[in-house]
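Here's the structure, in structure tokens; my notes come after.
All ligand and atom numbering here is 1-based and tracks the order in the structure.
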Amino acid sequence: AVESGVARKKITDWDAYRDSLESRLGRTHEVSRILINKAKDIKKRIVLPEGEEIKVLRAAQILIDEEIVSPILLGNKEQILKMAKEHDLDISRAEIVEYASCQKIDAYVDELYRLRQRKGLTRNACRRLLTTDPNYFGVMMVRMGDADGMVSGVNHYYPEVIRPALQILEVQKDKKFIAGLYAMVLKKETIFFADTTVNIESTAEILANTAIMVADKVKKTFDIEPRIAMLSFSNFGSVRHPYAEKVAKATQMVKQMRPDLIIDGEMQVDLAFDTELRDRDYSFSDLKGRANVLIFPSLEAGNIAYKLMMRLGGAEAIGPILVGLEKSVHVLQRNCDVDTIVRMCAIAAVDA
Ligand code: ACO
């Protein structure tokens, strides 16, 4: 209701407000509700570095009204309050941090310098980054425990947000690479796509690592039992090419490392869903039933596939959800809508 321009003070019928919110969330509502309910139970503090963006303020309003997370807005306090007033928003319960003059800046500079002094950053450069780039400041808040998670990217290119996270936060123990996941919500099922956003050139090790991280995330966050198809242009050795062999090798690595997971490949994407054909021609396959996790062989394939599903396949996408970082940071797709920001804050809270 806030996004569609209905002034907040005019909302008197809360049942109608909820119905309108539910219809706008569409099929993603059911999946979103699981996440939002989980987030409400734990009430985390999520920092939003783009506090001076109107979409972020509108999302903050919903997060506060529905008590999903406690938002921390970065930016100029006067400017943020002025914008909120102009758009009839009440964000008085949000914490606003003026990062350029924050009291904690010296401690943050010390920590960034400690982390990056042998990676080309001087102390002055650290101060400059933290006082001019809210994404660096936001990630540092998460590192230092001053926020439980961060969501950013409405007005930044993806690498601009992910790079500070990679430079400042640790990757989870036993993992070397992070990856990006989308939940693609269709009429009757939800299918998880990865890697859709991070690793431009994946080795077998990266693909195996991605499959394991995604499987754990799908189970833990979405309460869904993962059935993983490792995708290629070849079915179980039908094409002998290094690209297909890479996927077969990754599949074997996962089977060795995590024998508890249901996974097979390499396979073409239709075989992931055509169970009759799989049972007939490849009855040895360890994947039984329709796959619900698709691991793509390259970023090109994963990124193009999820966007095709959104634009032509009628799917709604929840994400991108970063997997593999020790702390909770999520990067929005540029120009995403208010509902997406709300959902991603819920995901960040659950992740934290
Ligand atoms: N996992 C863990 N760490 C990583 C990864 C990874 N996948 N990639 C890079 N790093 C680390 C590097 O080792 C480096 O660590 P260090 O500085 O401590 O030594 C640090 O991250 C920074 O590395 P850079 O060299 O600055 O970054 P790089 O050039 O490798 O870029 C990036 C990383 C930004 C993720 C790059 O791979 C990229 O641009 N990926 C594609 C992003 C994109 O455009 N996605 C598609 C659009 S988004 C959408 O559709 C919503």
Side-chain angles (χ1 to χ4, degrees), residues 28 50 55 111-122 125-126 129 133 135-136 138-140 142-143 150-185 192-214 216-217 246 250 294-313 315-337 339-341 343-344 347-348 351:
T28 52
E50 296 158 311
K55 276 189 205 172
E111 180 66 357
L112 185 58
Y113 184 54
R114 189 183 69 75
L115 290 170
R116 305 298 299 178
Q117 58 192 218
R118 289 176 187 273
K119 303 266 181 184
L121 280 191
T122 61
C126 291
L129 278 176
D133 187 334
N135 290 313
Y136 272 89
V139 176
M140 193 52 87
V142 177
R143 181 175 177 94
M150 178 180 112
V151 172
S152 182
V154 176
N155 197 16
H156 287 92
Y157 288 106
Y158 198 84
E160 289 177 74
V161 185
I162 202 173
R163 211 170 251 123
L166 287 170
Q167 290 176 353
I168 292 172
L169 299 177
E170 262 99 56
V171 174
Q172 280 168 12
K173 231 198 297 170
D174 307 330
K175 309 279 187 313
K176 289 190 200 144
F177 311 97
I178 68 161
L181 162 71
Y182 265 99
M184 305 302 294
V185 184
F192 296 87
F193 284 27
D195 176 5
T196 48
T197 58
V198 182
N199 297 287
I200 295 173
E201 284 179 65
S202 279
T203 58
E205 190 189 5
I206 293 179
L207 292 179
N209 185 70
T210 301
I212 292 172
M213 290 188 305
V214 168
D216 290 341
K217 173 67 69 184
K246 177 176 77 177
L294 303 181
I295 303 298
F296 290 87
S298 69
L299 188 60
E300 280 140 322
N303 190 272
I304 292 167
Y306 101 78
K307 293 198 176 189
L308 272 180
M309 287 292 289
M310 275 173 81
R311 297 286 168 177
L312 303 179
E316 291 180 53
I318 297 182
I321 303 166
L322 271 188
V323 288
L325 277 178
E326 184 71 356
K327 302 235 173 181
S328 177
V329 168
H330 294 281
V331 186
L332 297 163
Q333 189 171 7
R334 211 159 158 258
N335 297 322
C336 68
D337 62 16
D339 293 337
T340 301
I341 305 172
R343 264 198 304 269
M344 292 307 294
I347 288 173
D351 211 22

- Query: So which heavy atom on V139 is nearest to which on P164, and how close?
  - Reply: CG1-O, 3.9 Å

- Message: Side chains of Y306 and P320, heavy atoms from C-beta outward: is any pair under 4.5 Å?
- Response: no

- Message: Does the plane of the ring in F296 sit parallel, tilted or perpendicular to the ring in F193? Use 30° and 60° as the thresholds.
- Response: tilted

- Message: If you scan the protein for heavy atoms around atom 23 (O) of ligand 1, do you find one that is closer than 4.0 Å?
- Response: no

- Query: Are any non-hydrogen protein atoms located under 4.0 Å from atom 30 (O) of ligand 1?
  - Reply: no

- Query: Just which atoms of ligand 1 are under 4.0 Å from any heavy atom in F177?
  - Reply: 1 (N), 2 (C)

- Going by heavy-atom distance to atom 42 (C) of ligand 1, choose the closest among T197, I162, T196. T197

- Message: Please work out, at 4.0 Å between heavy atoms, whether the side chain, the backbone, both, or neither of V331 comes within that distance of ligand 1.
- Response: neither

- Note on the structure: Correct closest heavy-atom pair for G153 and V161 would be CA-CG2, 4.0 Å

- Item | Side chains of I347 and H330 in contact at under 4.5 Å (non-hydrogen atoms) | yes

- Side chains of L322 and V198 in contact at under 4.5 Å (non-hydrogen atoms): yes

- Task: For ligand 1, indicate whether the residue N303 contacts it via side chain, backbone, both or neither (heavy-atom separation under 4.0 Å).
- Result: side chain

- Query: With atoms numbered from 1 as shown, which atoms in ligand 1 lie under 4.0 angstrom from a non-hydrogen atom of K307?
  - Reply: 50 (O)

- Task: Give a yes or no on this: more than 12 heavy atoms of other residues, nucleotides or ligands lie within 6.0 Å of atom CD of Q117.
- Result: yes

- Residue, atom name and distance, where the atom is the protein heavy atom closest to atom 17 (O) of ligand 1: R116 NH2, 2.7 Å

- Message: Just to be sure I read this right, does ligand 1 sit under 4.0 Å from the backbone of V198, its side chain, both, or neither, counting only heavy atoms?
- Response: both

- Scan side-chain atoms only and decide if S152 and N135 contain a donor-acceptor pair under the 3.5 Å cut-off. yes

- Task: For atom 44 (O) of ligand 1, find the nearest protein heavy atom and state the residue, atom name and distance (0.1 Å precision).
- Result: P159 CG, 4.1 Å

- Query: For ligand 1, is there an N or O atom under 3.5 Å from any N or O atom of I178?
  - Reply: yes

- Taking distance alone, with no angle check, do Y158 and ligand 1 share an N/O pair under 3.5 Å? no

- Message: For a 4.5 angstrom cut-off between non-hydrogen side-chain atoms, does K217 reach D351?
- Response: yes

- For Y182, the ligand 1 atoms whose distance to one of its heavy atoms is below 4.0 Å: 51 (C)

- Item | Per-atom contact, atom 51 (C) of ligand 1, protein heavy atoms, under 4.0 angstrom | yes

Under 3.5 Å, side-chain donor or acceptor atoms of residues 169-180 against the rest of the protein: list the pairs with distances, not counting sequence neighbours.
{"residue": "E170", "atom": "OE2", "partner": "R143", "partner atom": "NH1", "Å": "3.3"}
{"residue": "Q172", "atom": "NE2", "partner": "L325", "partner atom": "O", "Å": "3.2"}
{"residue": "K176", "atom": "NZ", "partner": "E205", "partner atom": "OE2", "Å": "2.7"}

- Query: For the residue pair Y182 and A317, what are the closest heavy atoms and their distance?
  - Reply: CD2-CB, 3.6 Å

- Report yes or no: does R334 have a heavy atom closer than 4.0 Å to ligand 1? no

- Task: Check E160 against ligand 1 and report side chain, backbone, both or neither, counting heavy atoms closer than 4.0 Å.
- Result: neither

- Message: Restricting to non-hydrogen atoms, name the atom on R334 and the atom on N155 that form the minimum distance, rounded to 0.1 Å.
- Response: NE-C, 4.1 Å

- Note on the structure: atom 19 (O) of ligand 1: closest protein heavy atom, distance to 0.1 Å, is K119 NZ, 2.9 Å

- Task: Kindly identify the option in K175, Q172, K176 whose heavy atom sits closest to atom 2 (C) of ligand 1.
- Result: K176

- Message: For atom 26 (O) of ligand 1, tell me which residue out of R118, R163, E201 has the closest non-hydrogen atom.
- Response: R163

- Note on the structure: Between C336 and V154, the two heavy atoms sitting closest are SG-CG2, 4.5 Å

- Task: Check each of L115, L166, L322 against atom 21 (O) of ligand 1 and report the one with the nearest heavy atom.
- Result: L166

- Query: Does the protein put a heavy atom less than 4.0 Å from atom 15 (O) of ligand 1?
  - Reply: no

- Message: Counting non-hydrogen protein atoms only, what is the nearest one to atom 38 (C) of ligand 1? Give residue, atom name and distance.
- Response: I200 CD1, 3.8 Å

- Task: Just need the protein heavy atom nearest to atom 7 (N) of ligand 1, so name the residue and atom and give the distance.
- Result: N199 OD1, 2.6 Å

- Task: Scan I162, V151, T197 and name whichever one has a side chain to side chain contact (heavy atoms under 4.5 Å, CB included) with V331.
- Result: I162

- Query: Contact between Y306 and ligand 1, counting heavy atoms under 4.0 Å?
  - Reply: yes

